[in-house]
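This report refers to the structure that appears directly beneath it.
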Number of protein chains: 2
Amino acid sequence: MKNMKISEAVVRRLPIYLRYLNELTMKSITTVSSQDLGHKLDLNPAQIRKDLAYFGEFGKKGIGYDVAYLIEKIQQILKLDRQIPVALVGAGNLGRALCNYNTYLKDQMKIVAVFDASPQKIGETINNLTVQPIEELKDAVTRLGVRIGIITVPAIEAQNVANQFIHAGIEALLNFAPVIIKVPSEIRLHHADFTTELQSLAYYLD
Amino acid sequence: MKNMKISEAVVRRLPIYLRYLNELTMKSITTVSSQDLGHKLDLNPAQIRKDLAYFGEFGKKGIGYDVAYLIEKIQQILKLDRQIPVALVGAGNLGRALCNYNTYLKDQMKIVAVFDASPQKIGETINNLTVQPIEELKDAVTRLGVRIGIITVPAIEAQNVANQFIHAGIEALLNFAPVIIKVPSEIRLHHADFTTELQSLAYYLD
DNA sequence: TAGATTGTTAATCGATTAACAATC
DNA sequence: TAGATTGTTAATCGATTAACAATC
């Protein structure tokens, strides 16, 4: 099953599995079946087995999956076995909120630098990080080996910040600004957009 | 094409169309083709035509779509032609950030009440809203006709807050806490989860 | 051994894309 | 009329689910 192209849907489920597996660890549960996982996560057990089988044979027939081993494997798949340095531009409320997620992200990912364009924000401290002027972005990205950029600036500035990230050599971007931005095809761009999320939710009201 | 079951994928694209159409309005562009839309949004034009055709015949053959008319129609489909009251629980950085999105949400949706459990937050003002004690949630939801609830509390409190929203008669929930929560099937639950988003992004790094 | 559960193939289901007649 | 573009059907593609042999 190796070397197949993995669909985005599969990749998006892996962190969900990871989250539940971590919950099981905290409850000292050491084994889990696709049945259990499916029931808890509202997914088809066959789908879960298939998702995992793309990457290897992690389970034991008749037994299920060893929780600790599966966590390790999924972390490897998602490249969360090393620490991935992340930088954030936009030290407003949202940016500040995300910086506080460092705890949830464990050691696997870490926001290592925060930037803002407005002079009065420079020097502020957020969760042990000092807000730096945006002019320092390229230097810091290179120096700290930042691979993922987070954009939490107002909509009108988002494209500009994206350009600066790209110029600095970023590999992937997570954009929170409610605006369409364009990046070269080699940059992976994800959107985390509160407004579109709310708007699609409205559709399901009676 | 009416009365078909519309897939979630379609519903999630509608707000994206809406966003670009609004951009066009600001540029005083009055007509757009599925070709234009597809190119700008990296979608197949046929898909866009099909998405829209589920809901009616909004275009003109040989011409394209009238921007203002299409905005109106998509807003109707998403139920954004009326104002939908939203309540938020969790007045931390994230909650505060989302309250400031009221501007982006226009008049179509509005955060009308904010709650928190911690006594020192009560009475604070965020973007013209006064933080209220969580005990008032049910009353306020009823009084203000709140239909959507936003959860921006720490992970351990999320399920509890969800339960209180449900007890208050909410129809849909948007959960930002990085934890799996369970709700009855008649409640529409969406996740807006920063940590899983970042983790799946990591997969695409080389 | 009997029961449980995986990994995988085959069947099904659904979503995307291509193609084109209708028509502005 | 000629060119453009829709709405829709048919074809394709891909993802989910069912089924089951293998095996712990």
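Reminder, nothing fancy here: chain letters follow the sequence lines and each chain counts from 1.
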Can you list the residues that meet the side chain to side chain donor-acceptor pair (under 3.5 Å) rule with A/R188, with sequence neighbours excluded? A/E8, A/H190
Nearest-Å distance for atom pair CG/C1', residues A/L37 and C/dG7: 15 Å
Would you say a side-chain N or O of [X] is under 4.0 Å from OP1 or OP2 of [N]?
| X | N | result |
| --- | --- | --- |
| A/Y54 | D/dT16 | no |
| A/S34 | C/dT6 | yes |
| A/R13 | D/dT16 | yes |

Donor-acceptor pairs under 3.5 Å, side chain of residues 140-159 of chain B to any protein atom, not counting sequence neighbours: which ones?
unit_1, atom_1, unit_2, atom_2, d
B/T142, OG1, B/K138, O, 2.9
B/R147, NE, B/E171, OE2, 2.8
B/R147, NH2, A/D206, O, 3.2
B/R147, NH2, B/E171, OE1, 3.0
B/R147, NH2, B/E171, OE2, 3.3
B/T152, OG1, B/V89, O, 3.1
B/T152, OG1, B/G90, O, 2.7
B/Q159, OE1, B/K182, N, 2.8
B/Q159, NE2, B/N163, OD1, 2.9
B/Q159, NE2, B/K182, O, 3.0

Taking pairs as Watson-Crick (N1-N3 plus N6-O4 or O6-N4) or G-U wobble (N1-O2 and O6-N3), each distance under 3.5 Å, the stems of three or more consecutive pairs with DNA chain D are C:3-24 with D:3-24
Under 4.0 angstrom, heavy atoms only, what part of the nucleic acid is B/E57 near: base, sugar-phosphate, or nothing? sugar-phosphate
Does anything in residues 18-28 of chain A reach DNA chain D, meaning a heavy atom under 4.0 Å, and if so which residues? none
Closest to the B/A9 side chain: D/dT16, C/dT16, C/dT17? C/dT16
Does atom CD of A/Q35 have more than 12 heavy-atom neighbours from other groups under 6.0 Å away? no
Using a cut-off of 4.0 Å between protein heavy atoms and nucleotide atoms, how would you tag nucleotides 19-24 of chain C 5' to 3' with B, S and -? B--BBB
Would you call B/I74 and B/F58 a side-chain contact if the rule is heavy atoms closer than 4.5 Å? no
Could you name each residue pair satisfying ring pair (Phe, Tyr, Trp, His ring centres under 6.0 Å) that touches residues 134-186 of chain A, not counting sequence neighbours? A/F176-B/F194
